[in-house]
Enquirer: 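Quick one: the structure is below, and I'll ask about it shortly.
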Amino acid sequence: MAILSRLVFAALVAIVLSAQPVLAQEMEREPDLVALGLMAADTPAERLAEVESALADADRQMDPRFVFGLLLERVELLETLDDPRLGDALVAVARFAVRHRDLLQTDPAPWFEQAADAYAETGRMRDALAALEMALDLRATANAPAERLVALLERMADLADAVGNEAAAERSRERAAELRTAPLAATDGGTRSAEEGFTEVEVFYATDRKRTGADEPSRFFGFERGDLQYGRAQVTIPNRHRPGAIEVPSIWRLEFGASPSRHVILQSVEPVPADAFFGSVSTRLQERGSDEAFIFVHGYNVTFEAAAKRAAQLAYDMKFAGVPVVYSWPSRGATTGYIADTAVVRLSGRRLSHFLEDFVRRSGARRVHLIAHSMGNRALTDALELLALRTDPADLPRPVFGQVVFAAPDVDAGLFAEMIRTIRPLALRQTLYASESDWALAVSRKLHGDAPRAGQGGESMLKSPVLDSIDMSELGQDMLAHGYFADESSALIDLMALFWRNAAPERRCGLEAVEDGGSPLPLWRYRTGVCQENALLGVLGHLRNQDTDSISAARETIAAIVSDEALADVVEPVVMRLIGE
């Protein structure tokens, strides 16, 4: 088994290294709209022909995330058509996931396991065995639980018997027996240093995704529509975590498996009934001495796993003492699923509206902040508009929600401007984060007849008297994730200032007013390099969790936790401006 493991490991490295020049070329070219799912075919067979044509076209050098989306769509179409080539297509997905794991942030092992099932159904037992060997190597490298490795080895033994390889079957059974009797390995958190340990973050979730039937957390929910469900997820974040990052195994660091001490991992998903869900949220708030929660609504091209990890990262980086919640709508989690995502997100907005109403009424949280990203803003704006129309503002002793943050909204700018007027009585403050560098929104604008999107920054950025408009263009872009609102510690500091003090833009670090021809409507631009992000994250987290509201107490805290006097001199004015008189 050790020899096999080394051979497979070497093969994987060879695949990756041979692909490195191709990756560099792929990243230089913008993908065309075909990759977003705009092919014209009506039947699965016709669609499959178009997908395969796009994959085979050597002149179309697309971003790997688009290629991966096409590979996934080919798998779905082959399943629909009951095509015997399904096993080969699944292996292609798995190998591509290995090659581009840094970028795709997906575990390749399950794809190899599914390929083995597909091969076995068509009688290709040797190919099934080879696929399981790849899956086993990846699982073992990732320190998977012994019972999972045992199950893989037993399947391999059965397949080896089927092809008449008695020696291989015996080796697999012997190895399985060794794992059953081996002492349990200590966990990362129990034996490693504090630097190499990890922290568990509990994320509550509501979702209208359908369960897949898989037990593995990363595959627990798929992209099909389901009924509204509730539950808890556990996400581990390494102590060596960098604020804003979602650490994943890097093929270039020869990391083929995820480890809690180095990577952000969704460890478990636990569905619970609605009553237990709201009761648990209330209990956690009491235990933590907090009355605060935030609800995160993800965007296009996001899986349940990725959404839960993002919510956990936000809570961890902001040192959020309250309860983090993610609302996950049935995005396909694939770049080719743009059109499919647009078809389901509005229905989820109706369900989100009722969930928000129930959460405010039943969770015990008095301050509920909302953050939506990208296409998730279509669900949130619909939900809030419906809720506002059901609510008489005169009956509200206070705004229903605290901060409502619209990050990179993929919503028609004109429609958005009208909707936020209706929504405004529900929120303490509404904030728009936008960027003129956001490639995904530029593509969306093309798809919508050149109609501006609310999340686009620059000269034509949306302004409104009921909204704080913040141009985040200086933070750069991510072509598809366009997640600057959470990827950058700068934006995290701005979120912390909002959640803690409901601070107006002129009191927050790094924001400067933009002259706009004498327009009375405010517009703000974030300037990089102005705030001491790393120091401020720690300081603001301490002050917020201590509920500090006086300048003298804030100065004492800064003196206690910032040892560098020069740095303290920079941080203190920022904090004083936030606290105010």
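Start at 1 with the first residue, then count along the sequence. Model, not experiment: these values are computed from the prediction.
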Enquirer: Quick check: do Y205 and P271 have side-chain heavy atoms less than 4.5 Å from each other?
Expert: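 Counting from C-beta outward, Y205 and P271 do come under 4.5 Å.
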Enquirer: Indicate yes or no: at least one non-hydrogen side-chain atom of D88 is less than 4.5 angstrom from one of R124.
Expert: yes
Enquirer: Flag the pair M375 / S331 as yes when at least one side-chain heavy-atom distance between them is below 4.5 Å, and no otherwise.
Expert: no
Enquirer: Looking at D161 and R173, does any basic side-chain N land under 4.0 Å from a carboxylate oxygen?
Expert: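 A salt bridge links D161 with R173.
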Enquirer: Taking the ring centre of each residue, are H100 and F68 less than 6.0 Å apart?
Expert: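 Judged by ring-centre distance (under 6.0 Å), H100 and F68 do not meet the cut-off.
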Enquirer: Among residues at least two apart in sequence or on other chains, which ones pass side-chain hydrogen bond (donor to acceptor under 3.5 Å, both in side chains) with H354?
Expert: none
Enquirer: To the nearest 0.5 Å, tell me how far L179 CG sits from E147 CD.
Expert: 10.0 Å
Enquirer: For the CZ atom on R350, are there more than 12 heavy atoms of other groups (residues, nucleotides or ligands in this structure) within a distance under 6.0 Å?
Expert: yes
Enquirer: Taking the side chain as every heavy atom from C-beta outward, state whether R453 and D412 have any atom pair closer than 4.5 Å.
Expert: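 Result yes, sub-4.5 Å side-chain heavy-atom pair found.
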Enquirer: CG/L266 to CD/E305 distance, rounded to the nearest 0.5 angstrom?
Expert: 5.5 Å
Enquirer: Enter the distance from S348:OG to L228:CG here, rounded to the nearest 0.5 Å.
Expert: 9.0 Å
Enquirer: Can you label the angle between the W329 ring and the H298 ring as parallel, tilted or perpendicular, going by 30° and 60°?
Expert: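 Parallel: the ring planes of W329 and H298 meet at under 30°.
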Enquirer: Please identify each residue that fulfils salt bridge (Lys or Arg N to Asp or Glu O under 4.0 Å) with E247, with sequence neighbours left out.
Expert: none
Enquirer: Sequence neighbours excluded and cut-off under 3.5 Å, please list the side-chain donor-acceptor pairs for residues 108-117, or say none.
Expert:
from : atom 1 : to   : atom 2 : distance (Å)
E113 : OE2    : R139 : NE     : 2.9
E113 : OE2    : R139 : NH2    : 3.0
D117 : OD1    : R155 : NH2    : 2.4

Enquirer: Do the non-hydrogen side-chain atoms of V98 and R95 ever get within less than 4.5 Å of each other?
Expert: no
Enquirer: Kindly indicate, with the supporting measurements, whether the criterion side-chain contact (heavy atoms from CB on, under 4.5 Å) is fulfilled by D410 and Y300.
Expert: CA-CA 9 Å; D410 185 2; Y300 147 70; 5.8 Å; no
Enquirer: Is the shortest heavy-atom distance from the side chain of H373 to the side chain of R310 under 4.5 Å?
Expert: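 Result no, sub-4.5 Å side-chain heavy-atom pair not found.
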Enquirer: Taking everything shown except Q267 itself, do over 12 heavy atoms lie less than 6.0 Å from its CD?
Expert: yes
Enquirer: Between the main-chain N or O of N301 and the side-chain N or O of D341, is there a donor-acceptor pair closer than 3.5 Å?
Expert: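 Such a contact is found between D341 side chain and N301 backbone.
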Enquirer: Heavy atoms, side chains only, cut-off 4.5 Å: are F220 and R209 in contact?
Expert: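 Not touching, per the 4.5 Å side-chain cut-off.
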Enquirer: Does R332 pair with E73 as a salt bridge, N-O distance under 4.0 Å?
Expert: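 So R332 does not pair with E73 through a salt bridge.
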Enquirer: Do side-chain atoms of D317 reach the backbone of G244 as a donor and acceptor pair under 3.5 angstrom?
Expert: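 Yes, D317 side chain to G244 backbone: donor-acceptor pair under 3.5 Å.
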Enquirer: Return yes if some donor-acceptor pair links the side-chain N/O of S172 with the main-chain N/O of A168 below 3.5 Å, else return no.
Expert: yes
Enquirer: Could you tell me how the ring of Y338 sits relative to the ring of H448: parallel (under 30°), tilted (30 to 60°) or perpendicular (over 60°)?
Expert: perpendicular
Enquirer: Would a 4.5 Å heavy-atom cut-off, applied to side chains only, mark I295 and F359 as touching?
Expert: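 Sidechains of F359 and I295: in contact.
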Enquirer: Under the side-chain contact (heavy atoms from CB on, under 4.5 Å) rule, what do M125 and L129 come out as? Steps first, then yes or no, please.
Expert: CA-CA 6 Å; M125 299 304 180; L129 182 59; over 6 Å; no
Enquirer: Tell me whether E174 is salt-bridged to R171, with the criterion being a basic N under 4.0 Å from an acidic carboxylate O.
Expert: no
Enquirer: In terms of ring plane angle, is the pair F416 and F406 parallel, tilted or perpendicular, where the classes change at 30° and 60°?
Expert: perpendicular
Enquirer: So, the side chain of S353 versus the backbone of G349: is there a donor-acceptor pair under 3.5 Å, distance only?
Expert: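 It does not hold such a pair.
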Enquirer: Indicate yes or no for a side-chain donor-acceptor contact from R225 to the backbone of P330 under 3.5 Å, with no hydrogens or angles considered.
Expert: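 Not at all, since once roles are kept as given, no pair shorter than 3.5 Å links the two residues.
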Enquirer: So, the side chain of T212 versus the backbone of R219: is there a donor-acceptor pair under 3.5 Å, distance only?
Expert: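 Flag set: sc T212 to bb R219 pair under 3.5 Å.
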